[in-house]
Amino acid sequence: MTSPEVKDVPLTSEPDSITFSTSTDSSMEEDGRYTIVAEKETVDEDTHFNVENQDDAEVISASDIVTIDVYDDKGEEVGMNLEIKFPVIKNITNENSTNVKYVPVCYYTENMDSSEPIWSTEGCSTLYENYHIDGVICKCTHMTSFVVLMKPIPSNIDDKTLSIITNVGLAISSLFLIITLITVYSFKSLRNSERHKILCHLVVALLIVNFFYAFLGVNVKNKIVCAVIAGCLHYSLLAAFAWMLIVSTDVYMKIRHPFVNHERRFLFSRYLGWIVPSIIVGVTAGCTRDNYVSDEICWLNMDFAIWTFIIPMAITLVIISVQIVVIGHIAFTKTRFPTRSKEDKNSNKRIRSLAFGLILLAPVVGLPWVFGIIIIFSSSKVMEYIFVIMNSLQGFFIWLSQCVFSNEVQYEWKKKTANRTHPDTITMTDTTKLAGDQTNDLSYHR
């Protein structure tokens, strides 16, 4: 008894020749030779394919037709497992409709001699990652004629609604982020504050994220352009998480170590916030090369590149969560005991203000991407809507927590309003309060 098996047999001598492998789990009924018959038939551009269970949109051929059969020594067909690699997929464009996306699918037919053969996917699976570059592999449980067809997947009403919500949400978020920047740069004391400088870096990073995130819904045909968009989005997201970590660490350090000089740490933070993400993106793109970007959208490939975003994001969220717990504990503990002096009272008030701002800010920046990761590994529409809505609220909550509820911003607005009403009036108490509120270091008695 023999168990026939062949591997990587080319159909032609061309460099991009179609190859096939075949094997069977069961042995031949009788010892003897077996024969493999394989041929390739060129498909014309106007060839029509009758496909089972197909919608009104017509499939488009992306490969030639390959017919493979195996016979035993009696001339009878032998059922075997088959793997065909189509190294080159024809360039399929979607010029007529922007609402239809094409994906490669392996089809087969048993009645190739018929004038109108019926093509089906039963018993065949389609394997590919970057089919524009690496082609498509068809794995089937039978021998017949095979072809790769580009199957249209029309966008449904949910996709259109989600796209509208995304675009509107990005516009709203970007508007409030810009308002936050204008608010900070409108007052000299805020511009010179280390905490607000760090906040501005975070806001700029999020604005860049919103800009490149808008390109995810655009049908970009050029592979290089798509890779550049994916790289820019990858970089801006890593930068946003880095600056969110810097914001959290800044509050944590000023509460835990109020008497330390934090100016040097801020200078180091600039390198961490902008240069480290560029190193991660550069190394990832260099290692993955053609596998850096996905075939379907201008985003990271699911094989390896995506983990260079997921792992740094997860580590950042864990660190921020621990810092928030510690900060919340300190703020809660200090408010339980009555204050002894005005200095303690002002210090506790500032601690509560910083803790409250961070507790509002951190989940809004980080939590949406937890749902984003769930979407990557599942197709839940509910998660997509939650992710889009929470992303849309980022700019609003940053403005709310860092401007509306900020004691420093409130005082600056009151001072500006008072100066307009009574330009020659400013009391010594106001000057002292301003100096106390705008100090970069927290001072309180232990």
Side-chain angles (χ1 to χ4, degrees), residues 177-208 238-277 316 319-320 322-324 326-328 330-331 334 343 346-362 364-366 394-395 397-413 415-416 431-444:
L177 290 174
I178 293 173
I179 292 175
T180 302
L181 283 178
I182 294 174
T183 302
V184 172
Y185 280 95
S186 297
F187 303 102
K188 183 178 180 180
S189 59
L190 298 182
R191 293 197 303 268
N192 295 331
S193 168
E194 289 181 8
R195 185 165 69 88
H196 287 90
K197 287 179 181 179
I198 296 174
L199 174 65
C200 289
H201 282 279
L202 173 62
V203 170
V204 170
L206 290 174
L207 283 171
I208 299 174
L238 291 177
F241 277 104
W243 281 105
M244 186 62 240
L245 177 60
I246 294 170
V247 170
S248 175
T249 304
D250 179 68
V251 176
Y252 174 82
M253 293 295 292
K254 286 180 178 178
I255 291 178
R256 291 284 292 178
H257 307 283
F259 303 106
V260 176
N261 185 357
H262 301 282
E263 183 177 354
R264 186 175 181 181
R265 179 171 49 81
F266 172 68
L267 295 176
F268 174 75
S269 298
R270 296 181 182 180
Y271 298 100
L272 175 65
W274 295 113
I275 297 180
V276 172
T316 301
I319 296 174
I320 292 175
V322 172
Q323 290 176 341
I324 289 177
V326 175
I327 292 170
I330 294 175
K334 295 191 70 64
E343 184 181 0
N346 291 335
S347 178
N348 292 347
K349 183 178 179 181
R350 182 168 173 80
I351 290 175
R352 289 195 300 269
S353 175
L354 289 173
F356 180 70
L358 180 62
I359 291 171
L360 275 180
L361 177 63
V364 174
V365 175
Q394 279 187 345
F397 272 95
I398 288 176
W399 170 77
L400 193 68
S401 62
Q402 305 303 311
C403 293
V404 177
F405 293 149
S406 171
N407 292 333
E408 291 91 339
V409 175
Q410 289 178 10
Y411 179 76
E412 290 298 331
W413 278 115
K415 178 185 173 184
K416 189 172 185 178
T431 305
T432 304
K433 181 179 179 182
L434 175 61
D437 283 348
Q438 297 301 323
T439 183
N440 286 327
D441 294 331
L442 289 172
S443 300
Y444 59 89

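Please read all numbers here as calculations on a predicted model, not as lab measurements.
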TODO: Answer yes if the side chains of Ser189 and Glu412 hold a donor-acceptor pair under 3.5 Å, and no otherwise.
DONE: yes
Task: Approximate separation, where rounding is to 0.5 Å, of Ile198 CD1 and Asp250 CG - done: 4.0 Å
Open item on the list: Nearest 0.5 Å, please: how far is CD1 in Ile246 from CG in Leu202?
Closed with: 9.0 Å
Task: Glu408 side, atom CD; Arg195 side, atom CZ - distance, nearest 0.5 Å - done: 4.5 Å
TODO: Would you please classify the geometry between the His201 ring and the Trp243 ring as parallel, tilted or perpendicular, with 30° and 60° separating the classes?
DONE: parallel
Open item on the list: What's the separation between atom NE2 in His196 and atom OG1 in Thr180, rounded to the nearest 0.5 Å?
Closed with: 10.0 Å
TODO: Give the minimum heavy-atom separation between Phe187 and Lys416, together with the two atoms involved.
DONE: CE2-CD, 3.9 Å
TODO: Mind checking side-chain contact (heavy atoms from CB on, under 4.5 Å) for Leu181 and listing every partner two or more places apart, or none if nothing turns up?
DONE: Tyr185, Cys200, Val203, Val204, Leu207
Task: From Met244 atom CE to Leu206 atom CG, the distance as rounded to the nearest 0.5 Å - done: 9.5 Å
- [ ] Provide the closest heavy-atom pair for Ala239 versus Ala205 in the form atom of the first, atom of the second, distance.
- [x] C-CB, 4.2 Å
- [ ] Spell out, as yes or no, whether a donor-acceptor pair under 3.5 Å connects the side chain of Ser186 to the backbone of Ile182.
- [x] yes
Open item on the list: I need the Ile398 CD1 to Leu199 CG distance, nearest 0.5 Å.
Closed with: 7.0 Å
Task: Considering all heavy atoms, the nearest Val409-Thr183 contact - done: CG1-CG2, 3.9 Å
Open item on the list: Run the side-chain hydrogen bond (donor to acceptor under 3.5 Å, both in side chains) test against Trp399 and tell me which residues pass, sequence neighbours left out.
Closed with: none
